[in-house]
Amino acid sequence: MKIKILGTRGEIEESAPYHSKKSGVLINKTLLLDCGQKSFLDYKPKALLITHLHPDHAYFVRHDEKPSINIPIYAPEGFDELAIHIKKKSFKIGTYTITPIPTLHSAKVQSNAYLIKHKGKKILYTGDMIWIEKKYHKLLKNIDLVITEASFIRKGGMVRKKKETGQIYGHTGVPNSISLFKKFAPKILFMHFGAWFYKNIKQARKKIKKLAEEHNIEIVVGYDGLELTI
Ligand SMILES: [Zn+2]
Ligand SMILES: [Zn+2]
């Protein structure tokens with residue numbers, strides 16, 4: 001699988017050239033995972049898979065104009081009059097098998113990670129998340145690469161709770177993601193960087209690399225335009 005990381009900036013102000021575009025990952029020039037920038041559609045993917053309808057993952061949520069996207073769009077829930085496919089179980093797009101896996105992230109929008117299988121390779125793209133419920137962990141076996149978010153470097157990330165419902169929302173921390181995903185994959189790629197990363201990017205990269213050593217796992221620090229093959 002050829003993977004191109006199109007954007008690595010989280011929902012914060014733009015400040016660094018290699019981390020300026022919002023979330024987007026292109027698989028084999030065919031599948032687009034999240035579309036934080038309208039320009040990502042210029043790659044002419046065959047389908048768009050959106051983890052959740054926050055504007056840094058689905059640019060059109062914040063636009064007034066009606067988006068004209070003429071490829072199939074998959075997301076955890078519908079939006080306006082867009083023809084969105086809502087899938088709860090595994091489905092096929094050409095030779096790709098896609099499994100949506102619910103994630104905990106927002107109190108307002110639903111969110112999915114996507115497990116993508118193609119020609120014996122398996123990747124997981126999570127989008128933003130706090131956690132994936134235990135009952136789904138059996139789906140996460142033998143993944144070649146996990147691509148996930150790095151909004152917060154601190155353990156615990158930023159998790160809040162709705163008083164009325166007890167529902168939690170927010171983002172996990174990088175150490176928690178590593179602890180979770182090292183059980184399922186030999187390699188993790190981080191993107192969707194938060195404010196901590198931009199304060200000193202060199203130091204930030206070092207912090208992540210240090211965690212990789214501590215946890216004895218391969219970690220890739222994403223940047224806009226990074227290409228890798230698995
Ligand atoms: Zn986000
Ligand atoms: Zn989000």
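Whatever order the structure lists them in is the order used to number ligands and atoms, beginning at 1. A quick note: this is a predicted structure, and the numbers were derived from the prediction, not measured.
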Problem - No-hydrogen, no-angle side-chain donor-acceptor test under 3.5 Å, T95 and H118 - result: yes
Handout entry: Metal-centred angle, OD2 of D56 through the Zn ion (ligand 1) to NE2 of H57, rounded to 10 degrees
Key = 90°
Exercise for the section: Return yes when at least one N/O/S atom of E149 is nearer than 2.8 Å to the Zn ion (ligand 1), and no when none is. Expected result: no
Exercise for the section: State yes or no: do I71 and F60 share one hydrophobic cluster built from I, L, V, M, F, W and Y residues joined by side-chain heavy-atom distances below 4.5 Å, directly or via other members? Expected result: yes
Exercise for the section: Inspect the surroundings of OH in Y18 and state if more than 12 heavy atoms from other residues, nucleotides or ligands are less than 6.0 Å away. Expected result: no
Handout entry: With the Zn ion (ligand 2) as the apex, the NE2/OD2 angle for H105 and D128 - to 10°
Key = 100°
Handout entry: Close side-chain approach of Y125 to N112, heavy-atom, < 4.5 Å
Key = no
Practice task
Using a cut-off of strictly less than 2.8 Å, determine whether H54 has an N/O/S atom near the Zn ion (ligand 1).
Solution key: no
